[in-house]
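Notes to accompany the following structure.
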Amino acid sequence: DRKYYPTFFRFFVGDGTIGRDCEILNQETLHFYFDKQKNYLTVHARNPVQVTNPALGYKVHYTLERFELDFATGVKIMKGSPRFEELPVRNRKDSLARVKKRNRAYQGSLFHFMRALYTNALNKERFNLAIADSLEMSGSQGRNEILLPVKLEDYLTGDKVKQLQYKGLLKMEYRDNEDWEYPARGHSMFRGNNPLGFQQTYMEFRNPAIHIYENGYFSDQLSVYMT
């Protein structure tokens, strides 16, 4: 049912400043399946999803392996692999603007967090990480919480490939002076809503461990749920 396309777009691309300027070129490749009883949306794509991102200067070819959205909890599961194609640069000013926007979009992103985790530099990169008081995914950001600080040395092991040995719910916060791409109000792919204005995400690790690589990639991605 095509009526679910706007919801898919918002959760797939995002609805921040950059996301709103993106366009999916081959919408016809998408197929939507909605389970009314479970209030659950599943999306399949026959071919790689082609997305133009003019602000960052990319055309993205995304092979979508899995996309599921639970409307009741707001939890999204997505797995796939992107291939980036550079869009033509109009002039030197355009090139410099792209570099600046790419850097700002990276700040506080999932890749930024995983790379900071890999190098044990969460504080330096302005991330806070805490053990939350419940193993259930929570969309509530204003409740009273019992949070315990995380000592990475107790959970992070390995050399070239790091292992985060933790099963349960963590709360990640990213503090920056300027909240540009992901405003405090409104949905984003990895950031939760927060009346205080900094980015926060609940991350539920359902396997005993995940593997983290230097470039920010981690596996198994489907074992980590975010809201």
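Sequential numbering from 1 along the given sequence is applied to the chain's residues. This is a predicted model, so every value here is computed, not measured.
The hydrophobic clustering, which links ILVMFWY residues whose side-chain heavy atoms are closer than 4.5 Å, places Phe84 and Leu87 apart.
Tyr217 shares a hydrophobic cluster with Val161, Tyr213; the chain of contacts runs through ILVMFWY side chains whose heavy atoms sit under 4.5 Å apart.
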| Can you list the steps and then say if Tyr5 with Leu30 is a side-chain contact (heavy atoms from CB on, under 4.5 Å)? | CA-CA 9 Å; Tyr5 174 78; Leu30 299 170; 3.9 Å; yes
| message | ring-ring contact (aromatic ring centres under 6.0 Å, His included) for Phe32 and Tyr4? Distances and angles first, verdict last. | response | CA-CA 7 Å; Phe32 303 88; Tyr4 296 108; 7.1 Å; no
| Pair Phe111-Tyr106, ring-ring contact (aromatic ring centres under 6.0 Å, His included): steps then yes or no | CA-CA 7 Å; Phe111 277 121; Tyr106 169 76; 8.0 Å; no
| task | Please report the C-alpha distance between Arg98 and Tyr58 in whole Å, then the side-chain angles of each, then the deciding distance to 0.1 Å, and finally whether the side chain to side chain donor-acceptor pair (under 3.5 Å) criterion is met. | result | CA-CA 10 Å; Arg98 285 186 185 182; Tyr58 289 126; over 6 Å; no
What donor-acceptor contacts under 3.5 angstrom involve side-chain atoms of residues 88-97, with partners at least two apart or in another chain?
| from | atom 1 | to | atom 2 | distance (Å) |
| --- | --- | --- | --- | --- |
| Asn91 | OD1 | Lys93 | N | 3.2 |
| Asn91 | OD1 | Asp94 | N | 2.8 |
| Asp94 | OD2 | Arg90 | N | 3.2 |

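A donor and an acceptor atom, one from each side chain of Tyr62 and Arg83, are nowhere located under 3.5 Å apart. Between the side chains of Tyr40 and Glu68, at least one donor N or O sits under 3.5 Å from an acceptor N or O. Gln50 and His61 form no side-chain donor-acceptor contact under 3.5 Å, judged by distance and modelled atom types alone.
Distance OG1/Thr29 to CG/Asn47: 4.0 Å, rounded to 0.5 Å. If you take CZ on Phe218 and CG on Leu117, they are separated by 10.5 Å, rounding to the nearest 0.5 Å.
A cation-pi arrangement is found for Lys162 relative to Tyr118, the charged atom lying closer than 6.0 Å to the ring centre and inside a 45° cone about the ring normal.
By the 6.0 Å contact criterion, CD on Glu214 is open, its count of non-hydrogen atoms from other residues, nucleotides or ligands being 12 or less.
Ring to ring, His44 and Tyr33 are close: their centroids are under 6.0 angstrom apart.
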